[in-house]
Amino acid sequence: FAVYTVLLSVLAKAGGVKAVENAFQEMKKEWRPNAFTYNAVISACRKAESVGKAEEWVQKMKEDRVKPDIGTYNSLIGVYGKQRMVEKAEMIRKEMVSRGVHADARTYYTLLNMYGEMELWDEVGVLWEEMEKKGVRAEACIFSSLIGAFGKAQKADMAEKWWEKMERAGVEPNLKTFCSLLNAYGRSNLVERAESVWQAMKAKKFFFDALSYGIMMDMYFRNGRHDQVLSWHREMGRNGVRPNDITRSTLIMSSAASGDLVSTQKLFQGMLRSWQGVDVTTWNSMAALYCKHKRVEEVLNLFGEMKQRGVKPDAVTYSTVVDVCGKVGRFEEAERLFQEMLDRDLKPDSQLLSKVVSNYGRHNQPEKAREWFQRLTGAGVVPNVNCFTALMSSLLKTEQYSEARDVFGDMREQGLQVD
RNA sequence: AUUCAGAGUGAG
């Protein structure tokens with residue numbers, strides 16, 4: 001029975017709610033599921049970012065008369081936390097209180113993680129105090145999470161402060177904690193500090209993984225030090241660490257930014273020939289490179305080839321192919337591909353909107369730009385400043401001053417910060 | 001036994 005529960009969580013990590021659900025059904029034939037079993041399934045829904053499914057499973061759990069435990073509440077908070085549904089997450093916390101279930105360390109970790117990702121630092125402070133008051137001890141993992149959040153927000157100073165806090169608390173940092181600090185420096189372009197963290201890690205005899213190298217490569221890439229990207233990639237290989245999807249995509253990006261099109265193509269072809277192949281993000285990076293050069297045929301060929309190889313195009317892929325068609329004025333094709341995107345249940349976003357609008361503007365079709373703006377916002381896309389700006393410049397191209405002013409007014413009405 | 005932490009791709 002316990003083996004089944006472990007199996008569920010392993011399947012969840014391997015990446016499929018479907019597989020988890022199937023295994024659950026199999027198991028149900030022989031055993032009666034308990035809270036642990038349901039918790040594992042709910043957690044799988046969190047990984048798949050499926051709130052609806054998670055809620056369904058909570059319902060099933062109730063129908064099955066299995067009482068939710070602290071793990072269930074924590075998992076559910078995790079489900080909402082990942083989607084940044086603060087109110088829902090807090091609601092669960094209140095429900096816990098009313099049922100006499102006490103928040104534990106993981107409850108706080110999950111909530112802190114959510115607030116950190118959302119950059120709601122005040123809430124982080126409040127929760128932290130509450131946690132300390134309750135005598136819940138922070139572990140390395142929560143410091144990784146918060147230092148990572150500060151890093152993403154390019155607040156290296158805050159990341160440092162929390163690192164010191166961790167040291168004062170006597171918590172021993174692990175590889176993930178070091179990596180979050182490394183990345184904090186990387187994101188703030190503090191290359192030398194990142195390098196010295198790396199040295200400190202080396203002194204501690206950590207075994208670096210591809211993720212660690214990936215952080216360094218990404219930092220050098222963003223700082224335009226493409227030679228360093230290459231040499232760290234080589235260093236990784238020398239140390240017997242296999243490149244993964246992310247280091248591959250960083251390598252492609254770096255080559256795209258530094259070399260000519262042909263050498264990037266060669267690099268990409270070489271990756272395709274290897275047994276690992278490349279993932280959708282790397283395909284997307286390559287497609288974006290062609291798109292930038294307005295090489296429609298290449299983008300479309302790439303698009304076809306990736307499908308042939310069984311890599312599922314995502315919303316970014318479609319955004320790029322629709323964009324490149326629009327760039328060169330092939331709007332019927334763009335329209336067809338856009339429809340295909342919807343048929344595949346992929347959600348258009350504000351970036352796609354701004355691209356489509358500016359492409360119509362570029363080709364002096366402001367009416368079409370406006371039409372698409374309405375169509376997409378009607379479909380639930382929330383336009384940002386870029387979208388409004390694209391629409392305004394489309395209108396201004398044909399000297400529609402008052403219309404552009406109206407758009408400007410609409411933008412301010414939406415409460416958007418004018419930049 | 002189950003529930004929490006670290007890196008990559010597209011727009012004006």
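Within every chain, numbering begins at 1; the chains are lettered A, B, ... in the order of the sequence lines, protein sequences first and strands thereafter.
- Considering only the side chain of C179(A), G6(B) comes nearest among A5(B), U2(B), G6(B).
- Nucleic acid contact for D69(A): none, since no nucleic acid atom lies under 4.0 Å from a heavy atom of the residue.
- If you check the side chains of N39(A) and T72(A), you find a donor sitting under 3.5 Å from an acceptor.
- S145(A) has no side-chain polar atom (N or O) that falls below the 4.0 Å cut-off from OP1 or OP2 of C4(B).
- At a threshold of 4.0 Å, the pair D157(A)-K161(A) does not count as salt-bridged, since none of the basic side-chain nitrogens sits closer than that to a carboxylate oxygen.
- For E403(A), the salt bridge (Lys or Arg N to Asp or Glu O under 4.0 Å) criterion is met by no residue, not counting sequence neighbours.
- With sequence neighbours excluded, the residues forming a side-chain hydrogen bond (donor to acceptor under 3.5 Å, both in side chains) with R248(A) are D245(A), listed by chain and number.
- Among the protein residues, I215(A) comes within range of the sugar-phosphate backbone only, with heavy atoms under 4.0 Å from sugar or phosphate atoms but none that close to a base.
- In this entry the distance linking CH2 of W198(A) with C1' of A7(B) reads 11 Å, nearest Å.
- As a whole-Å value, the separation of E139(A) CD from U3(B) C1' is 13 Å.
- Not a single salt bridge (Lys or Arg N to Asp or Glu O under 4.0 Å) links R412(A) to another residue, sequence neighbours left out.
- Here N359(A) lies out of heavy-atom contact (under 4.0 Å) with every strand.
- Comparing U3(B), G8(B), U2(B) by their nearest atom to the side chain of N39(A) picks out U2(B).
- Residues that satisfy the ring-ring contact (aromatic ring centres under 6.0 Å, His included) test with Y185(A), not counting sequence neighbours, are absent from this structure.
- To the nearest angstrom, C1' of U9(B) lies 8 Å from CG of D314(A).
- Within 4.0 Å of V6(A), counting heavy atoms only, lie sugar-phosphate atoms of the nucleic acid but no base atom.
- Listed by residue number, the members of residues 104-112 of chain A with any heavy atom below 4.0 angstrom from RNA chain B are R106(A), Y109(A), T110(A).
- Side chain D209(A) to base G6(B): a donor-acceptor pair is found below 3.5 Å.
- A donor-acceptor contact under 3.5 angstrom links the side-chain atoms of N174(A) to the base of A5(B).
- Within the 4.0 angstrom heavy-atom criterion, only backbone atoms of the sugar-phosphate kind lie near K152(A); the bases stay farther away.
- For G6(B), neither phosphate oxygen OP1 nor OP2 lies less than 4.0 angstrom from any side-chain nitrogen or oxygen of R187(A).
- Residues meeting the salt bridge (Lys or Arg N to Asp or Glu O under 4.0 Å) test with R32(A), sequence neighbours left out: D64(A).
- Taking H226(A) as the reference, S254(A) meet the side-chain hydrogen bond (donor to acceptor under 3.5 Å, both in side chains) condition, with sequence neighbours excluded.
- Side-chain contact check for M286(A) versus Y290(A): some heavy-atom pair is nearer than 4.5 Å.
- Side-chain rings of F143(A) and W128(A) approach one another, their centers coming within less than 6.0 Å.
- In the interface, the side chain of N386(A) is paired with the base of A11(B) through a donor and an acceptor atom under 3.5 Å apart.
- Summarising the geometry, the separation between CG on L395(A) and C1' on G12(B) is reported as 13 Å, rounded to the nearest angstrom.
- Closest to the S358(A) side chain, of the nucleotides U9(B), A11(B), A1(B), is A11(B).
- Between K292(A) and A11(B) there is no side-chain polar atom (N or O) within less than 4.0 angstrom of OP1 or OP2.
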query: Pairs counted as Watson-Crick or G-U wobble with both distances under 3.5 Å: what dot-bracket string results for RNA chain B, using | for bases tied to another strand?
result: ............
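- Contacts between residues 293-307 of chain A and RNA chain B, counted as heavy-atom distances below 4.0 Å, involve no residue at all.
- Below the 3.5 angstrom threshold, one finds a donor paired with an acceptor across the side chain of N34(A) and the base of A1(B).
- Here U3(B) presents its C1' atom at 16 Å from OH of Y38(A), a figure rounded to the nearest Å.
- The distance from atom CD1 of I92(A) to atom C1' of U3(B) is 13 Å, rounded to the nearest whole Å.
- Looking at residues two or more places apart in sequence or on another chain, you find no side-chain hydrogen bond (donor to acceptor under 3.5 Å, both in side chains) involving R370(A).
- If you check distances only, the side chain of T389(A) does reach the base of G12(B) with a donor-acceptor pair under 3.5 Å.
- D69(A) is linked by a salt bridge (Lys or Arg N to Asp or Glu O under 4.0 Å) to nothing, counting only residues two or more places apart in sequence or in another chain.
- The residue T281(A) sits close to a base: some heavy atom pair falls under 4.0 Å.
- In this structure, Y360(A) atom OH and A11(B) atom C1' are separated by 16 Å, rounded to whole Å.
- Among the atoms of the strands shown, base atoms are found under 4.0 Å from some heavy atom of L175(A).
- Annotation: side-chain hydrogen bond (donor to acceptor under 3.5 Å, both in side chains) contacts of E297(A) (sequence neighbours excluded): R330(A).
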